[in-house]
Participant: 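For reference, the structure I am asking about is given below.
Worth knowing before you read on, the calculation uses all heavy atoms, side chains too, and leaves out hydrogens, waters and symmetry mates.
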Amino acid sequence: VQLQASGGGLVQAGGSLRLSCAASGVSFSIGVLSWYRQAPGKQRELVAGLTRGGISNYADPVKGRFTISRDGAKDTMYLQMNSLQAEDTAVYYCKISTYRDYWGQGTLVTVSS
């Protein structure tokens, strides 16, 4: 199983990015999907989650700005990030939870103020 995250980069505050996470060896239809992030000097934290039934949840700091979604046909998940703030700067990780957790390698998002 491999998860390949991409889409990170440098963006100005107020801008947008869309992260992608493509899976091989596992189907997104059977797991709970999540995005986490880890800022420098901080612990990894949950950003957004999406159940198999399509119910999403978000951390308070990103509610109304971030949207998690998936494309089952491509086994790809996304994180649309709008109105980015300097506080969103972090390495972002995707995860799928089946009978165990599988993590992507992380993609760096840097928001300049």
Side-chain angles (χ1 to χ4, degrees):
V1 175
Q2 284 191 330
L3 300 182
Q4 183 69 41
S6 62
L10 175 64
V11 63
Q12 288 188 334
S16 298
L17 282 175
R18 189 177 80 156
L19 306 182
S20 299
C21 178
S24 59
V26 65
S27 172
F28 277 172
S29 65
I30 64 171
V32 176
L33 310 179
S34 307
W35 285 97
Y36 285 72
R37 68 185 180 187
Q38 187 166 18
K42 295 187 177 182
Q43 290 189 335
R44 192 173 297 188
E45 62 178 3
L46 176 66
V47 175
L50 182 63
T51 69
R52 288 180 294 173
I55 298 174
S56 58
N57 64 282
Y58 299 92
D60 285 343
V62 308
K63 281 181 180 177
R65 300 188 297 122
F66 290 11
T67 303
I68 186 172
S69 62
R70 67 176 172 226
D71 184 333
K74 298 180 179 179
D75 280 331
T76 301
M77 60 190 289
Y78 305 96
L79 185 68
Q80 177 67 43
M81 305 185 296
N82 299 326
S83 302
L84 283 162
Q85 305 166 357
E87 296 74 26
D88 297 318
T89 294
V91 177
Y92 284 72
Y93 299 89
C94 54
K95 185 181 81 169
I96 180 170
S97 301
T98 58
Y99 65 92
R100 56 157 287 182
D101 293 336
Y102 299 95
W103 290 89
Q105 86 286 7
T107 184
L108 176 63
V109 173
T110 304
V111 184
S112 62
S113 57

Participant: For Q2, is the CD atom crowded, meaning more than 12 foreign heavy atoms sit under 6.0 Å from it?
Facilitator: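 Counting other residues, nucleotides and ligands, CD of Q2 stays at 12 neighbours or fewer.
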
Participant: Indicate the atoms forming the closest heavy-atom contact of L10 with S112, along with that distance.
Facilitator: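 Nearest heavy atoms, L10 then S112: CD1-CB, 4.3 Å.
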
Participant: Taking the side chain as everything from C-beta on, heavy atoms only, tell me whether E45 gets closer than 4.5 Å to P61.
Facilitator: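 A side-chain contact is absent here, since even the closest heavy-atom pair is not under 4.5 Å.
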
Participant: What verdict does the side chain to side chain contact (heavy atoms under 4.5 Å, CB included) test give for V62 and R37, after you've listed the backbone C-alpha separation in whole Å, the side-chain angles of each residue and the deciding distance to 0.1 Å?
Facilitator: CA-CA 12 Å; V62 308; R37 68 185 180 187; 3.9 Å; yes

Participant: Of the options T107, L50, L19, which is the one that meets L79 in a side-chain contact (heavy atoms from CB on, under 4.5 Å)?
Facilitator: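 Single pass found, and it is L19.
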
Participant: According to a 4.5 Å side-chain heavy-atom criterion applied to Ile, Leu, Val, Met, Phe, Trp and Tyr, with indirect links allowed, do Y58 and V111 form part of one hydrophobic cluster?
Facilitator: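 Same cluster.
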
Participant: What's the spacing between L46 CG and W35 CH2 if we round to 0.5 Å?
Facilitator: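 Spacing of CG (L46) from CH2 (W35) equals 12.5 Å.
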
Participant: Out of curiosity, R70 CZ to C21 SG, how far, rounded to the nearest 0.5 Å?
Facilitator: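 These two atoms lie 13.0 Å from each other.
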
Participant: Measure from NZ or CZ of R44 to the centre of the six-membered ring of Y36 and say whether it is under 6.0 Å with the direction within 45° of the ring axis.
Facilitator: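 Pair R44/Y36 does not count as cation-pi.
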
Participant: What pair of heavy atoms forms the shortest contact from T98 to V26, and how long is it?
Facilitator: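 Scanning both residues completely, I find the closest heavy atoms to be CG2-CG2, 4.2 Å.
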
Participant: Once rounded to the nearest 0.5 Å, what's the spacing between atom CD of Q4 and atom SG of C94?
Facilitator: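 Those atoms lie 8.5 Å apart.
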
Participant: Let me confirm one number: the OG1-CG distance from T76 to L3, rounded to the nearest 0.5 Å.
Facilitator: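 The distance works out to 10.0 Å.
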
Participant: With distance as the sole test, does Q38 use its side chain to make a donor-acceptor pair with the main-chain N or O of A90 at under 3.5 Å?
Facilitator: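 No, Q38 side chain to A90 backbone: no donor-acceptor pair under 3.5 Å.
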
Participant: Looking only at non-hydrogen atoms, find the nearest pair between G8 and V109 and report the distance.
Facilitator: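 Heavy atoms of G8 and V109 come nearest at CA-CG2, 4.1 Å.
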
Participant: Which pair of non-hydrogen atoms, one from V91 and one from G106, has the smallest distance, and what is that distance?
Facilitator: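 Where V91 meets G106 most closely, the heavy atoms are CG1-CA, 3.8 Å.
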
Participant: Within the 4.5 Å heavy-atom criterion, are R65 and M81 side-chain neighbours or not?
Facilitator: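 A side-chain contact under 4.5 Å is absent here.
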
Participant: What's the separation between atom CE in M77 and atom CG in D71, rounded to the nearest 0.5 Å?
Facilitator: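 It is 12.5 Å, given to the nearest 0.5 Å.
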
Participant: Checking side-chain contact (heavy atoms from CB on, under 4.5 Å) between K95 and each of L33, V32, D101, which is the one that passes?
Facilitator: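 Among L33, V32, D101, the one meeting side-chain contact (heavy atoms from CB on, under 4.5 Å) with K95 is D101.
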
Participant: Hey, can you tell me if Y93 and W103 have their rings parallel, tilted or perpendicular (30° and 60° cut-offs)?
Facilitator: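 Geometry flag for W103 against Y93: perpendicular rings.
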
Participant: Could you tell me which non-hydrogen atom of S83 sits nearest to which non-hydrogen atom of S16, and how far apart they are?
Facilitator: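 Smallest interatomic distance, heavy atoms only, reads N-OG, 4.3 Å.
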
Participant: Looking at CD of Q105 and OG of S6, how far apart are the two atoms once the value is rounded to the nearest 0.5 Å?
Facilitator: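 The OG atom of S6 is 8.0 Å from CD of Q105, to the nearest 0.5 Å.
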
